A.B. asks: 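Okay, here's the structure, questions in a sec.
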Amino acid sequence: MYAQRLHNLYQGNARAHGVFNITKDRDRDGKKQGFARVIQEPTLVDHWESHLSGDIGLGIIPIKDNNNCHWGAIDIDSYNIDHKALVAKLEKHKFPAVVCRSKSGGAHVYFFFNEEIPAVDLHPKLMAISSALGHSGCEIFPKQTEILVERGDTGNFINMPYFAGDKTMRYAFGLDGESLSLEEFLTLSESRMSSLSDFLSLKTKSEKSDELLPHGPPCLQHLCSQGFGEGGRNNALFSMGVYARMANKEDWENTIQSFNMKYMKPPLSAGEVAVIIKQLQKKDYFYKCDDQPIASFCNKDVCMTRKFGVGPGNRNNDLSSLTKINGDPAIWLLNVDGSRVELSTEALVSQIVFQKECVAQINKFPLTMSPRAWQIRMQGLLETLTVVEVASDTTLKGTFEELLAAFCCDRARGFEKEEIAQGIAVWLDGRVYFQVRDIMKHLTVNNFLQYTVNKVGLRLRELGAEKTFWNVNGKGVHVWYLKQEYFGDNAKDKQLPLPPMPRDQGVM
């Protein structure tokens with residue numbers, strides 16, 4: 001019963017689901033380490049049963065192939081978070097969310113819907129909510145607003161709550177901040193489902209406070225609505241000064257003095273304000289988006305649309321959610337400023353090739369980083385990589401193995417050494433013998449041109465094939481062989497032998 005209700009609540013991608021394999025308990029940042037894999041199989045109620053029994057941890061992908069969602073989530077990776085305070089903050093904002101403890105001790109904030117919501121509407125709204133909560137930069141699910149279905153893209157999954165049922169550490173919190181049983185969690189979640197119109201009509205504090213700093217950054221608007229306390233006031237007033245210079249060019253210095261008295265609690269000293277004004281008199285001045293206290297409330301996507309917000313040239317490109325389609329060769333998918341880009345391995349390691357692909361696919365030219373910064377950025381993405389497993393017959397390796405089996409099993413078979421000269425496989429003494437040149441011809445006829453002779457040799461070695469030397473009709477012949485057991489049931493197929501080959505008839 002519970003498995004079915006969870007299956008209905010977390011409706012997601014119909015083609016795939018995720019699993020997370022833990023490789024070590026915790027890294028320096030407290031996060032459990034491991035690797036994520038996407039299995040390209042539909043999610044069944046049986047998977048939920050296994051999840052609840054503690055056998056297999058299940059991950060669900062919220063975005064569907066039509067780029068709509070029935071739920072979304074904010075993943076807060078702060079392991080000392082006060083879950084009860086977070087619930088209270090959500091209730092204060094009137095956000096109809098359900099908070100669950102994540103597997104590493106952080107928080108998953110879920111929003112459920114009684115109808116499909118386009119990811120293009122859901123994702124930015126969840127970003128605005130996370131910023132309003134003071135957790136800007138958290139992962140948002142769905143991570144994409146559009147997935148490249150034709151490329152095998154599935155989107156990213158989030159690990160589900162109540163692994164091992166009521167024995168779990170991934171439990172939910174009620175509206176009073178106390179832990180909930182699985183039954184109580186389901187009842188609460190089902191009662192908090194929103195419609196598209198109700199969800200999109202939710203207002204954050206910065207959206208209600210535009211009159212405080214008209215057309216200004218949402219982070220500053222939000223903080224002005226509650227006041228800047230001690231700690232970070234200098235950084236805050238500097239950014240308020242950046243706004244003042246843009247919004248009130250003629251009298252920006254007096255505006256800063258006014259901001260200090262009105263919003264800083266307590267106000268900074270006259271000397272401290274004078275230092276900030278002197279800094280702002282320099283030619284180049286930008287918001288300190290990466291510094292506290294505004295970093296926790298940053299929403300750059302919205303800020304870029306504001307008249308006095310951060311300009312496009314003053315922000316780094318957002319690269320996130322690296323996915324590897326584990327084929328042969330591998331295909332890489334990366335979020336670049338919210339758009340999904342398909343990359344080759346070369347584009348992943350070469351910044352120039354990467355920029356070319358972005359220009360061609362999404363009409364954007366990412367800002368150039370130093371080589372070291374690029375390497376660090378890519379390594380960071382690889383450490384949180386999601387791997388999508390693909391069927392073996394869709395890879396070059398799988399296709400080669402199928403064609404090899406077809407050459408050895410689906411054509412006429414030889415049963416004597418001399419028949420190797422006819423370009424066929426010879427089944428003899430529990431082994432299957434063949435020549436690489438005949439395999440290459442078979443690959444070419446089937447339009448499989450991706451493997452060179454050397455590559456074929458490497459693949460045969462990987463399959464356990466060995467080489468030997470035959471004397472056939474007085475000539476030395478290099479042949480390869482595999483044990484007949486390698487071909488499984490194909491080895492049992494009855495094949496008609498070739499008609500006797502004429503011998504010593506001369507050449508016409």
Side-chain angles (χ1 to χ4, degrees), residues 6-18 38 43 59-77 86 89-90 93-100 102 107-133 135-149 153-161 188-207 218 297-305 318 320-321 323 333 335-340 362 386:
L6 285 164
H7 189 58
N8 295 339
L9 183 67
Y10 285 102
Q11 295 180 52
N13 191 287
R15 287 185 294 113
H17 61 270
V38 173
T43 307
I60 301 296
I61 303 164
I63 189 168
K64 304 179 182 181
D65 285 351
N66 62 0
N67 297 315
N68 291 339
C69 306
H70 260 104
W71 57 277
I74 301 169
D75 183 3
I76 302 175
D77 277 348
L86 177 61
K89 187 179 291 187
L90 286 160
H93 283 277
K94 302 188 185 309
F95 295 149
V98 179
V99 175
C100 291
S102 70
H108 289 170
V109 182
Y110 291 107
F111 292 82
F112 300 102
F113 312 108
N114 53 25
E115 60 181 320
E116 288 191 346
I117 290 187
V120 71
D121 295 325
L122 175 57
H123 188 274
K125 192 68 177 180
L126 290 176
M127 286 185 63
I129 291 173
S130 68
S131 297
L133 294 173
H135 293 286
S136 176
C138 290
E139 287 187 294
I140 302 296
F141 292 83
K143 289 191 176 183
Q144 302 83 22
T145 58
E146 181 180 6
I147 56 174
L148 305 179
V149 177
D153 192 12
T154 60
N156 298 82
F157 69 84
I158 186 170
N159 291 296
M160 292 289 97
L188 176 63
S189 300
E190 291 162 351
S191 71
R192 306 212 96 190
M193 288 187 173
S194 304
S195 66
L196 171 60
S197 59
D198 288 344
F199 179 70
L200 295 182
S201 66
L202 295 175
K203 294 291 185 182
T204 63
K205 189 171 287 188
S206 63
E207 291 171 313
F297 298 91
C298 179
N299 189 340
K300 289 185 178 180
D301 288 338
V302 173
C303 194
M304 286 180 63
T305 68
D318 179 26
S320 63
S321 306
T323 298
L333 301 169
N335 282 8
V336 180
D337 292 340
S339 298
R340 206 69 161 147
I362 61 173
T386 294

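It should be emphasised that the depicted structure is a prediction, and the values quoted were computed from it without experimental measurement. For the numbers below, each heavy atom of this structure counts, side chains included, while hydrogens, waters and symmetry mates do not. Sequential numbering from 1 along the given sequence is applied to the chain's residues.
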A.B. asks: Please name the pair of heavy atoms, one in Ile61 and one in Ala16, separated by the smallest distance, quoted to 0.1 Å.
C.D. replies: CD1-O, 3.9 Å

A.B. asks: Checking side-chain polar atoms at under 3.5 Å, does Thr386 have a donor or acceptor matched by the opposite partner on Asn156?
C.D. replies: yes

A.B. asks: Please check this pair: side chain of Ser131 against backbone of Ser136, looking for a donor-acceptor N/O pair closer than 3.5 Å.
C.D. replies: no

A.B. asks: Once you round to the nearest 0.5 Å, how far does CG of Asn13 lie from OG1 of Thr154?
C.D. replies: 6.0 Å

A.B. asks: Please examine the side chains of Met127 and Ile129, heavy atoms only from C-beta on, and report whether any two atoms are closer than 4.5 Å.
C.D. replies: no

A.B. asks: If only side-chain N and O atoms count, and only distance matters, is there a donor-acceptor pair under 3.5 Å linking Gln144 with Asn67?
C.D. replies: no

A.B. asks: Are Lys64 and His70 packed together at the side-chain level, in the sense that at least one heavy-atom pair is separated by less than 4.5 angstrom?
C.D. replies: yes

A.B. asks: Give the C-alpha distance, both sets of side-chain angles, the deciding distance and a yes or no for side chain to side chain contact (heavy atoms under 4.5 Å, CB included) between Leu188 and Ser191.
C.D. replies: CA-CA 5 Å; Leu188 176 63; Ser191 71; 4.1 Å; yes

A.B. asks: Could you tell me if the side chain of Val109 sits less than 4.5 Å from the side chain of His135, heavy atoms only?
C.D. replies: no

A.B. asks: Using atom types as modelled and distance alone, determine if a side-chain donor or acceptor of Asn299 lies under 3.5 Å from a backbone N or O of Pro218.
C.D. replies: no

A.B. asks: Parallel under 30°, tilted from 30 to 60°, perpendicular over 60°: which one fits the rings of Tyr110 and His108?
C.D. replies: perpendicular

A.B. asks: Between the side chains of Arg340 and Thr323, does any donor sit under 3.5 Å from an acceptor?
C.D. replies: yes

A.B. asks: Indicate the atoms forming the closest heavy-atom contact of Gly155 with Val38, along with that distance.
C.D. replies: O-CG2, 4.5 Å

A.B. asks: Compare every heavy atom of Pro96 with every heavy atom of Leu202, then report the nearest pair and how far apart it is.
C.D. replies: CD1-CD, 3.7 Å

A.B. asks: Evaluate the side-chain proximity of Val149 to Arg15: yes if any heavy-atom separation is below 4.5 Å, no if none is.
C.D. replies: yes

A.B. asks: Roughly how far, to the nearest 0.5 Å, is OG of Ser102 from CD1 of Ile76?
C.D. replies: 9.5 Å

A.B. asks: Before we go on, tell me: are the rings of Phe141 and Phe157 under 6.0 Å apart, centre to centre?
C.D. replies: no

A.B. asks: For residues Ala119 and Pro142, report the shortest heavy-atom separation together with the two atoms involved.
C.D. replies: CB-CG, 4.0 Å

A.B. asks: Should Asp198 and Phe113 count as side-chain neighbours, where that means a heavy-atom distance under 4.5 Å?
C.D. replies: no

A.B. asks: Side-chain contact, heavy-atom cut-off 4.5 Å: Tyr10 with Thr43?
C.D. replies: no

A.B. asks: Side-chain contact test, heavy atoms from C-beta onward, threshold under 4.5 Å: evaluate it for Ile147 versus Asp65 and give yes or no.
C.D. replies: yes

A.B. asks: May I ask you to test the Cys69-Ile63 pair for a side-chain heavy-atom distance under 4.5 Å?
C.D. replies: yes

A.B. asks: Does the pair Asn335 and Asp318 meet the rule for a side chain to side chain contact (heavy atoms under 4.5 Å, CB included), with working shown?
C.D. replies: CA-CA 8 Å; Asn335 282 8; Asp318 179 26; over 6 Å; no

A.B. asks: Minimum heavy-atom separation for Ser321 to Lys143, with atom names?
C.D. replies: OG-CD, 2.8 Å

A.B. asks: Please give me the minimum heavy-atom distance between Pro118 and Asn68, naming the atom from each residue.
C.D. replies: CA-OD1, 3.2 Å

A.B. asks: Picking from Ser194, Ser197, Ser195, what satisfies side-chain contact (heavy atoms from CB on, under 4.5 Å) with Glu115?
C.D. replies: Ser195

A.B. asks: Would Leu6 and Met160 satisfy side chain to side chain contact (heavy atoms under 4.5 Å, CB included), going step by step from the backbone distance to the final call?
C.D. replies: CA-CA 10 Å; Leu6 285 164; Met160 292 289 97; over 6 Å; no

